[in-house]
Structures are given as structure tokens and as C-alpha cells.
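What follows is a set of notes on a single structure, which appears directly below.
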Amino acid sequence: MAFDKARCERLARAMASDTMVYMKDTIDAGLENDNLYDVLKDNMDENYKAFNVRVGAEAAATNILERAVVDTIIVPMGTQKTYPLF
């Protein structure tokens, strides 16, 4: 049975948005020091596990959650301030 891609994308964006709200200072420091994925590792591991439980292994095997992080966190932060990464 195929997964509902739109539903998975909404969930992934919500998870990324929550990360942005609760970890904005950490994200800012991670972008500033060019170690964003290192500082978000624990949070992303938790999000990945929760995403897998909610949508199943087939959907979790896609890059939907990673794309949501880029679209919801990295791109908007890059437009607010100049970071070494950009």
C-alpha cells in the first residue's frame, strides 16, 4: 500500500517548524559555526523515529523529512542573515 505523500509532507513540515520554534538559537549558532547538522543530530534522530512511527517505514525511507528541514529551517534562516554556509 502506498503512503499518502501529502500527509507525510505536512507532518514533516510541522516537525521542522517545531524544531525551528524551539531551537532557533541553536539553529542560528549551528549556521554561524557551519555545524548545523551536528547540533541538530539528537533532535533530528528523535524526529526521524517519530516520523517513522507515524507514517511507516516506506515513507520514512524517503527524503521528505530532510527536505522539510531545508525548506522550513535552512532556507528561511539564510534569507534573514548572512552565514558562512551561504
Side-chain angles (χ1 to χ4, degrees):
M1 183 171 156
F3 63 90
D4 182 350
K5 185 177 179 187
R7 179 178 163 265
C8 294
E9 289 172 340
R10 282 191 303 273
L11 175 61
R13 283 192 307 270
M15 293 174 120
S17 180
D18 285 350
T19 298
M20 180 66 171
V21 168
Y22 294 110
M23 300 185 74
K24 188 171 187 340
D25 293 338
T26 302
I27 292 166
D28 186 50
L31 287 169
E32 188 67 44
N33 298 319
D34 197 17
N35 66 344
L36 179 65
Y37 289 101
D38 295 334
V39 298
L40 287 182
K41 183 181 180 342
D42 292 339
N43 177 270
M44 289 305 300
D45 288 346
E46 288 177 27
N47 282 350
Y48 182 78
K49 288 176 188 173
F51 188 73
N52 190 15
V53 168
R54 299 267 311 265
V55 301
E58 181 184 1
T62 66
N63 66 347
I64 291 173
L65 187 56
E66 290 83 358
R67 282 186 320 176
V69 168
V70 170
D71 293 345
T72 307
I73 296 174
I74 297 173
V75 171
M77 289 293 287
T79 62
Q80 296 175 12
K81 181 176 170 184
T82 301
Y83 295 98
L85 177 67
F86 298 101

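Put simply, the side chain of E66 does not reach to within 4.5 Å of the side chain of V69, judged on heavy atoms. No side-chain heavy atom of R13 sits less than 4.5 Å from a side-chain heavy atom of D71.
Among the candidates V55, I64, D4, the single residue satisfying the side chain to side chain contact (heavy atoms under 4.5 Å, CB included) test with L11 is V55.
The structure places NZ of K5 at 12.5 Å from CZ of R10, a figure rounded to the nearest 0.5 Å. Note that CG of L36 is 7.5 Å distant from CD1 of I73, once rounded to the nearest 0.5 Å.
Looking at every heavy atom in both residues, L40 comes nearest to M23 through CD2-CE, 3.9 Å. Taking both residues in full, the closest heavy atoms of A16 and A68 are given as CB-O, 3.7 Å, listed atom of the first, atom of the second, then distance.
Identified under the side chain to side chain donor-acceptor pair (under 3.5 Å) test for residues 35-46, with sequence neighbours left out: T19-N43, K41-D45, N43-N47.
K49 pairs by the salt bridge (charged side-chain N to carboxylate O under 4.0 Å, His left out) definition with nothing, not counting sequence neighbours. By the salt bridge (charged side-chain N to carboxylate O under 4.0 Å, His left out) test, D28 is found to be paired with K81, residues two or more places apart in sequence or in another chain being considered. Annotation: salt bridge (charged side-chain N to carboxylate O under 4.0 Å, His left out) contacts of R67 (sequence neighbours excluded): E9. For A61, there are no side chain to side chain contact (heavy atoms under 4.5 Å, CB included) partners at least two apart in sequence or on another chain. Here Y48 pairs with A60, L65 under the side chain to side chain contact (heavy atoms under 4.5 Å, CB included) rule; sequence neighbours left out. Remark: R7 pairs with no residue by the side-chain hydrogen bond (donor to acceptor under 3.5 Å, both in side chains) rule, at least two apart or across chains. With sequence neighbours excluded, the residues that form a side chain to side chain contact (heavy atoms under 4.5 Å, CB included) with S17 are T72.
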